[in-house]
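Working notes for the structure below.
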Protein chains: 2
Amino acid sequence: MVTIKEVAKKANVAVSTASYALNGIKKVSPETKEKVVQAARELNYRKNGFASDLKRNSTKTLALILSDLSGPFYSELIRGVQDVATDHGYDLIACSAIGGENSTAAKFLTEHRVDGCIVLAHNITDEMLKNVAHHNFPIILLDREIEVDSTVHVRVNNKKGGFKATEYLIQNGHTDIAFVSGPSNSYDNKMRFAGYQEALQAYNIELQNKWIVSGNFTREGGESAANILAAQDQVPTAIFFANDEMAVGGMEAFQKRGISIPNDISIIGFDDILEAKYVYPKLTTIRQPKYEMGASATHIIFQMLKNEEVNPTFELHTDLIIRESVKKL
Amino acid sequence: MVTIKEVAKKANVAVSTASYALNGIKKVSPETKEKVVQAARELNYRKNGFASDLKRNSTKTLALILSDLSGPFYSELIRGVQDVATDHGYDLIACSAIGGENSTAAKFLTEHRVDGCIVLAHNITDEMLKNVAHHNFPIILLDREIEVDSTVHVRVNNKKGGFKATEYLIQNGHTDIAFVSGPSNSYDNKMRFAGYQEALQAYNIELQNKWIVSGNFTREGGESAANILAAQDQVPTAIFFANDEMAVGGMEAFQKRGISIPNDISIIGFDDILEAKYVYPKLTTIRQPKYEMGASATHIIFQMLKNEEVNPTFELHTDLIIRESVKKL
DNA sequence: ATGAAAGCGCTAACAC
DNA sequence: GTGTTAGCGCTTTCAT
């Protein structure tokens, strides 16, 4: 590997001068600079980023920690992160938390390899986060329940969103409303369910346990939930799927059985994924401001990096997106 | 920041001993090891990954360079890369090539921040690749045209795939076959088109220029291509969309116009994206072995890292996936 | 404007 | 088994 030393030698200058020249620091004369740059080019010199980061004690890069690099995840959110990072002249890398303690994510979280992290992964333990959180190592948690010191949370008001979804169904004349839930360890799911409960209660509708079925946030889960619901002797007139993925699967399962959406059953989802407006009928849902989540999280990182005081939690709100999957009774 | 020096001091040992203990190197006695680990824990010591990488001159991490972190991309492919990297005890990070010369990708490509790269991005120039390629810095290029020294290519036989798609249409009795192309600078597109041409020629069917329309590889492009085709006085009986994304858009556009697939027009795509089997009718297409592409690319990196001789190009083949969007005439 | 040299935090060769 | 120390490649202070 060719080092700056060799470049300096070839250009007949000291390493310090070479460093200045290569980094565009003004105090070096145009001619010397040219000499150095030329030598570097001839030797095909590539700086060693680590050495320089080590010395500077800053990496100018942020890590985005995902459950799994191969998705699925919200691309809008990532775009939000990316845009803000770029605006600040920072680089962004994404890494996977598969493997927990031994994951790439853990390596970046613990080994000072980045200046800050945005965590969008549930397979990284609270424990680990706690150990790593540090006043000058900003960590932003997306959609997480726990409060970890020196950590900030950005989340959507899932409960209010769940309420809105359920209320919209009620306002359309529905009272027999099922809830298809995500995994029980999901904070999002828990809150959406809480919103569902609250809305039923607010309108004096009794919650029916037989209509609470689990779908694991996956398309297949949605299908099987729909099948379970359809097989009961009393079928609900509307279903609130705790995410769109399940809703899409559920719609398909119903249609396979000859049950028409929204004529026979109304459906509302949560998230507003890209597909929501491409399915038939177009899915009515609760939109999460995904881009804003990513952008806010990243903004907060930079505030923290500047040692500004920030709130420990940051909450965004949801919107009801009315499309075609809910019928007025 | 607490360094290994402080840990050593607290544990009353030399830094080397601390280093050995922390890295699980056997030559240190259990008691000393315990002392060190304990001290590290108490001080909340986190190693500086750069310092250690710098010293070891190896990062044990690979970079996956994508056009844009926020997708879209083939998750199957990434899974292939991820699996193989993990098997070898390597970490994987993904980074974006947005910004070209100034992108994060460029930083990782040029600054020795990883041990190898897999490039799945068209916004990184051949020029840059050429400058960076080095016999002990493996770079694998996916779906690229150019031959760059010290670089290996993994690609799918797009031409043969294009041939297969077209031939299947012909074997189903079609002779009026349109081609909806991707961007003209795409190597994939070019080769798929070549396969289309070759098949027509092989079966003595004349190529009709009015039936070659551009769709830019996007869903919207597919829609507008379908509309253009539908508006002509002579409409083809079958269409080969150069990717599934466009095919899905095209199907939708036709259906909006009351044209039935496959009764009025047969459609075949390319890629076999996830959605292909969810649309109605299910899309007949040419499958790319995406997982295998990722896995092979990564395997090759490790071969190169071990200084084994590897072929400069590695070609995978496609499969015809017959579903419901092509009718026998 | 340029150079000499210290030192970032770590690993590993070497000495004991 | 443990300690001393050189040095990875770079930036930056200080002297000139």
Side-chain angles (χ1 to χ4, degrees), chain A residues 1-40 43-61 107-108 110-115 134 136-137, chain B residues 1-40 43-61 107-108 110-115 134 136-137:
Chain A
M1 212 182 52
V2 18
T3 72
I4 198 172
K5 217 164 157 183
E6 303 172 48
V7 174
K9 193 161 165 194
K10 174 143 192 158
N12 277 312
V13 294
V15 280
S16 53
T17 307
S19 176
Y20 294 139
L22 261 8
N23 288 302
I25 284 166
K26 50 249 155 202
K27 59 159 130 179
V28 53
S29 79
E31 307 85 61
T32 347
K33 173 165 179 172
E34 184 45 45
K35 259 197 317 189
V36 173
V37 169
Q38 182 59 27
L43 294 171
N44 194 27
Y45 165 74
R46 306 278 150 199
K47 88 143 116 176
N48 183 317
F50 293 153
S52 112
D53 283 349
L54 175 60
K55 184 68 193 177
R56 290 202 220 254
N57 199 28
S58 134
T59 65
K60 288 260 184 191
T61 114
K107 180 164 157 180
F108 280 82
T110 56
E111 300 185 356
H112 301 278
R113 303 182 111 98
V114 286
D115 294 350
H134 195 69
N136 49 22
F137 181 51
Chain B
M1 211 180 54
V2 20
T3 72
I4 198 173
K5 217 166 159 180
E6 302 172 49
V7 174
K9 192 163 168 191
K10 174 145 194 157
N12 276 314
V13 295
V15 281
S16 55
T17 307
S19 175
Y20 294 140
L22 261 7
N23 287 302
I25 285 166
K26 50 252 157 199
K27 58 158 129 179
V28 53
S29 79
E31 308 84 59
T32 345
K33 173 164 180 171
E34 185 46 44
K35 261 197 314 189
V36 174
V37 169
Q38 183 58 26
L43 295 171
N44 193 26
Y45 166 73
R46 306 279 149 199
K47 89 144 114 177
N48 183 317
F50 292 153
S52 118
D53 282 350
L54 176 60
K55 182 68 193 180
R56 292 202 220 254
N57 199 27
S58 133
T59 65
K60 289 258 183 195
T61 115
K107 180 164 158 180
F108 279 82
T110 57
E111 297 184 357
H112 301 278
R113 302 184 109 98
V114 286
D115 293 351
H134 195 68
N136 48 23
F137 181 51

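Reminder, nothing fancy here: chain letters follow the sequence lines and each chain counts from 1.
With D:dT11, C:dC10, D:dC8 as the choices, the nucleotide that has an atom nearest any side-chain atom of B:Ala51 turns out to be C:dC10.
Distance, A:Leu54 CG to C:dG9 P: 7 Å, rounded to whole Å. Put simply, CZ on B:Arg113 is 19 Å from P on D:dC8, counting in whole angstrom units. Whole-Å rounding puts the B:Ile4 CD1 to C:dC8 P distance at 14 Å. Spacing between atom CD of B:Glu6 and atom C1' of C:dC8 amounts to 13 Å, rounded to whole angstrom units. Taking atom NE2 of residue A:His112 and atom C1' of nucleotide C:dC10, one finds them 12 Å apart after rounding to whole Å. If you measure from atom CG of B:Asn23 to atom P of C:dA12, you get 8 Å, rounded to the nearest angstrom. Look at CZ on B:Arg56: it is 13 Å from C1' on C:dG9, rounded to the nearest Å. Residue B:Asn48 contributes atom CG, which lies 13 Å from atom C1' of D:dC8 at whole-angstrom precision.
Using the six-membered ring where Trp is involved, B:His112 and B:Phe137 have ring planes that are tilted, between 30° and 60° apart.
Counting all heavy atoms, side chain and backbone alike, B:Ile4 lies closest to B:Tyr45 at N-CE1, 3.5 Å. Taking all atoms of both residues into account, the shortest heavy-atom contact from B:Leu43 to B:Glu6 is CD1-O, 3.9 Å. Taking every heavy atom of both residues into account, B:Arg46 and A:Thr110 meet most closely at CB-O, 3.2 Å. The two residues B:Ala39 and B:Lys10 come nearest to each other via the heavy atoms CB-CG, 3.7 Å. Closest of all the heavy-atom pairs between B:Lys35 and B:Val13 is NZ-CG1, 4.1 Å.
In this model, a donor atom of one side chain and an acceptor atom of the other lie less than 3.5 Å apart for B:Thr59 and B:Asp115.
Each end of the helix from C:dA1-D:dT16 to C:dC16-D:dG1 gets its own axis from five base pairs, and the two axes differ in direction by 40°, given to 10 degrees.
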Contacts under 3.5 Å, N or O only, protein and nucleotides 2-5 of chain D:
residue	atom	partner	partner atom	Å
D:dT2	OP1	B:Ser29	OG	3.3
D:dT2	OP1	B:Thr32	OG1	2.7
D:dT2	OP2	B:Ser29	N	2.9
D:dT2	OP2	B:Ser29	OG	3.3
D:dT2	OP2	B:Thr32	OG1	2.7
D:dG3	OP2	B:Ala14	N	2.7
D:dG3	OP2	B:Thr17	OG1	2.9
D:dG3	N7	B:Ser16	OG	3.0
D:dT4	O4	B:Ser16	OG	3.0

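Contact check for A:Val7 versus A:Val2: side-chain heavy atoms found under the 4.5 Å cut-off. Residues B:Leu22 and B:Lys47 fail the side-chain proximity criterion, which asks for heavy atoms closer than 4.5 Å.
For D:dG9, its base never sits under 3.5 Å from the side chain of A:Lys47 at any donor and acceptor pair. Judged by distance alone, with hydrogens and angles left aside, A:Lys5 brings no side-chain donor or acceptor close enough to the base of D:dG9 to form a pair under 3.5 Å.
Nucleic acid contact for B:Asn57: none, since no nucleic acid atom lies under 4.0 Å from a heavy atom of the residue. In this structure, A:Thr3 reaches the sugar-phosphate backbone alone: every heavy-atom distance under 4.0 Å involves primed, P, OP1 or OP2 atoms, never a base. Residue contacts shown for B:Asp53 are absent, as no nucleic acid heavy atom lies under 4.0 Å away.
Heavy atoms from other residues, nucleotides or ligands lying under 6.0 Å from NZ of A:Lys9 number 12 at most.
Looking at which nucleotide of DNA chain D each of A:Ile25 and A:Met1 is closest to, the 5′-most match is held by A:Met1.
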